Amino acid sequence: MTTQTIGQTAVEAKPVAATVSTPQLQRTMGLRSIVLLGLAYMCPIIVLGTFGVISATSHGATAMSYAAATIAMLFTAGSYGRMAVLHPEAGSAYTYVGKTISRKLGFLVGWAVLLDYMFLPMVVWLIGASYLAAKFPAVPIWAWVLGFIVLTTAINIVGLSVADKINFALMTFQAIVIITFVGLSIRSVVTGDGASALVSAGPFLGDGSSLSAVVAGGAIAAYSFLGFDAVTTLSEETRDPKKTMPRAILLIAAVGGLIFIGVSYFTQLVHPGGVFIDESSAAYEIAAQIGGNLFTSVFIAGLCFGQFTSGIATQASASRLLYVMGRDGVLPKKFFGRLSAKFDTPVLSILLVAAIGLIAMFLDVATSTSFVNFGAFTSFTLVNVCVIVAYLKADAEQRKEYLPGGALRNILLPILGALFCLYLLVHLDIHALILGLSWLAIGVVILAVLTGGFKHNPPEYNHVG
């Protein structure tokens, strides 16, 4: 049987009798597991953690900002789903761009995404540690950071089947906290203004808001979606990835978006407008208002559990991307391209991500978050472009089988997704742009070395199965 791909033909190697069992990623995850892991990565409760900032930026039109971000992210989620069908392998944007457009460009995209994937777990652990340090000031923040790292690293080394069970339990608790927050918000609104106040255009129109304010809020809100794409790095651990992965990606983006819109709507009803005592901790203020001190403690616990589940997911995805790049030979194969014979997981890559997370002990949240956005929006933009290129290269039979929907779904929608993501990219904080471009420049130098001055393609692993 011959493997058929679009943009680059992959020919299966002839079977060779194996004398030694080589560790391989195990296909243990179904649709529910992938969706839960993706939602854990996104950490839905973060909508409350960022509520004040988005509300202030949009002048009280938080729900509209999240609605705009959801629509835009669904365009990109559709593109990721299409590419997951064409290339059901671990590696995500690195694989998609390399196989569809250019292996050199694919390397650079993978290199840019590394900045996002390797530092996002650090940010997640730092945010969780910050909440706990605020609640228990006698315990130093470095102790909480270390605790997060040790626990999530141990879980990821043992394997995703264990992480899946833990994610389900913690996501359930996170969901309970979110539902309770919304329920208390509804009670507060009904008690104060009557049931009719539950239906209002205020959270969508804001208090003197404007299109530019809504778009600015939407740009911030889009950061809440970072991670819906990360599950594509788990394609080789997914059962029937060509069917499961596209559905999972769209479900993660859609469910996450609905949660963000719904929670922000009812929260905005409790506190109309965008003025707070401290916008960075506005949700604490609202939690105390609707539920008192006891619920504030439960709310903090929910946020911390959300960061814990997100830490498991972000570290797992980062380690898989490092593993794929090591397996391909673009990173040292002896270190990155190895799986544990006992657990079938990339233990050394997991430990490296854990080591990078220790940097969180010396940073604040504002500084650390500037590290992660450049790679994410670079990859979002180019995956949208990949769909367009793949469609233009495909013949009629390939379009029918792999890329149905005609020009609307394979050209127009990806163009809209690419333009939105490019807009977010160029409007990042100046420090994030400087860091991202500097990191990319290092990648160009490494690529030049790997390709003998760009004369040939970087190494590639020809995966079959």
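Quick note: numbers below take in every heavy atom, side chains included, and nothing from hydrogens, waters or symmetry partners. Note that the structure is a prediction, hence the values are computed from the model and not measured.
- The residue from Val445, Thr451, Val449, Val444 that alone fulfils the side chain to side chain contact (heavy atoms under 4.5 Å, CB included) condition with Leu447 is Thr451.
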Scan the side chains in residues 244-258 for donor-acceptor partners under 3.5 Å anywhere in the protein, sequence neighbours excluded, and list what turns up.
from: Thr244; atom 1: OG1; to: Arg239; atom 2: O; distance (Å): 2.9
from: Thr244; atom 1: OG1; to: Asp240; atom 2: O; distance (Å): 3.1

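- By the 4.5 Å heavy-atom criterion applied to side chains, Arg187 and Ile290 are not counted as neighbours.
- From Ser188, atom OG reaches atom CG of Asp193 across 8.5 Å, with rounding to the nearest 0.5 Å.
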Let's go through Ser200 and Leu269 carefully: what are the C-alpha distance in whole Å and the side-chain angles of both, what is the deciding distance for side-chain contact (heavy atoms from CB on, under 4.5 Å) to 0.1 Å, and is it a yes or a no? CA-CA 8 Å; Ser200 171; Leu269 286 179; 3.8 Å; yes
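- The aromatic rings of Phe51 and Phe276 lie perpendicular to each other, with more than 60° between the two planes, well past the 30° mark.
- Between Ile141 and Leu126, some side-chain heavy-atom pair lies under the 4.5 Å cut-off.
- When all heavy atoms of Val113 and Gly375 are compared, the pair lying nearest together is CG2-O, 3.9 Å.
- Every residue two or more places apart in sequence or in another chain was checked for a ring-ring contact (aromatic ring centres under 6.0 Å, His included) with Phe75, and none qualifies.
- Using a 4.5 Å heavy-atom cutoff, the side chains of Ile46 and Met42 are not in contact.
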Walk me through whether Phe295 and Leu184 qualify under side-chain contact (heavy atoms from CB on, under 4.5 Å). CA-CA 10 Å; Phe295 179 65; Leu184 290 173; 3.7 Å; yes
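- Taking the side chain as every heavy atom from C-beta outward, Asn384 and Val387 never approach each other to under 4.5 Å.
- Val426 and Leu433 make their closest contact through O-CD1, 4.0 Å (heavy atoms, listed as atom of the first residue, atom of the second, distance).
- Interatomic distance, CG of Leu416 versus CG of Leu74, reported as 12.5 Å (0.5 Å rounding).
- When all heavy atoms are compared, the tightest approach of Gly436 to Leu115 is CA-CD2, 4.0 Å.
- The ring of Phe380 has its center no closer than 6.0 angstrom to the ring center of Phe420.
- Residues Leu114 and Tyr94 fail the side-chain proximity criterion, which asks for heavy atoms closer than 4.5 Å.
- For the side chain to side chain contact (heavy atoms under 4.5 Å, CB included) with Ser264, the lone residue among Ile259, Thr62, Ile54 that qualifies is Thr62.
- Residues Leu437 and Phe374 are in side-chain contact: their nearest non-hydrogen atoms beyond the backbone lie under 4.5 Å apart.
- Listed here is the closest heavy atom pair of Ile45 and Gly306: CG2-CA, 4.4 Å.
- Side-chain atoms of Leu348 and Phe336, non-hydrogen and from C-beta on, never get closer than 4.5 Å to each other.
- Note that OG1 of Thr378 is 14.5 Å distant from CH2 of Trp111, once rounded to the nearest 0.5 Å.
- Between Phe181 and Phe299, the gap from one ring centroid to the other is short of 6.0 Å.
- Shown here for Ser209 and Val214, the closest heavy-atom pair between the two residues is OG-CG2, 3.6 Å.
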Apply side-chain contact (heavy atoms from CB on, under 4.5 Å) to Trp125 and Thr152, showing your working. CA-CA 10 Å; Trp125 292 325; Thr152 54; 3.2 Å; yes
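- Nearest heavy-atom pair across Leu205 and Ala61 is C-CB, 4.0 Å.
- In this structure, a donor-acceptor pair under 3.5 Å is absent between the side chains of Tyr96 and Ser379.
- Rounding to the nearest 0.5 angstrom, the gap separating the CD atom in Glu285 from the NE2 atom in His271 is 6.0 Å.
- Using a 30° and 60° split on the angle between ring planes, Phe260 and Phe225 fall in the perpendicular class, above 60°.
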Assess whether side-chain contact (heavy atoms from CB on, under 4.5 Å) is satisfied between Leu132 and Val139, documenting all intermediate values. CA-CA 9 Å; Leu132 288 168; Val139 181; over 6 Å; no
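- In this structure, OG1 on Thr172 lies 10.0 Å from CD on Gln174, to the nearest 0.5 angstrom.
- Between Val182 and Val263, some side-chain heavy-atom pair lies under the 4.5 Å cut-off.
- Annotation: the span from Ser310 atom OG to Leu303 atom CG amounts to 12.0 Å, rounded to 0.5 Å.
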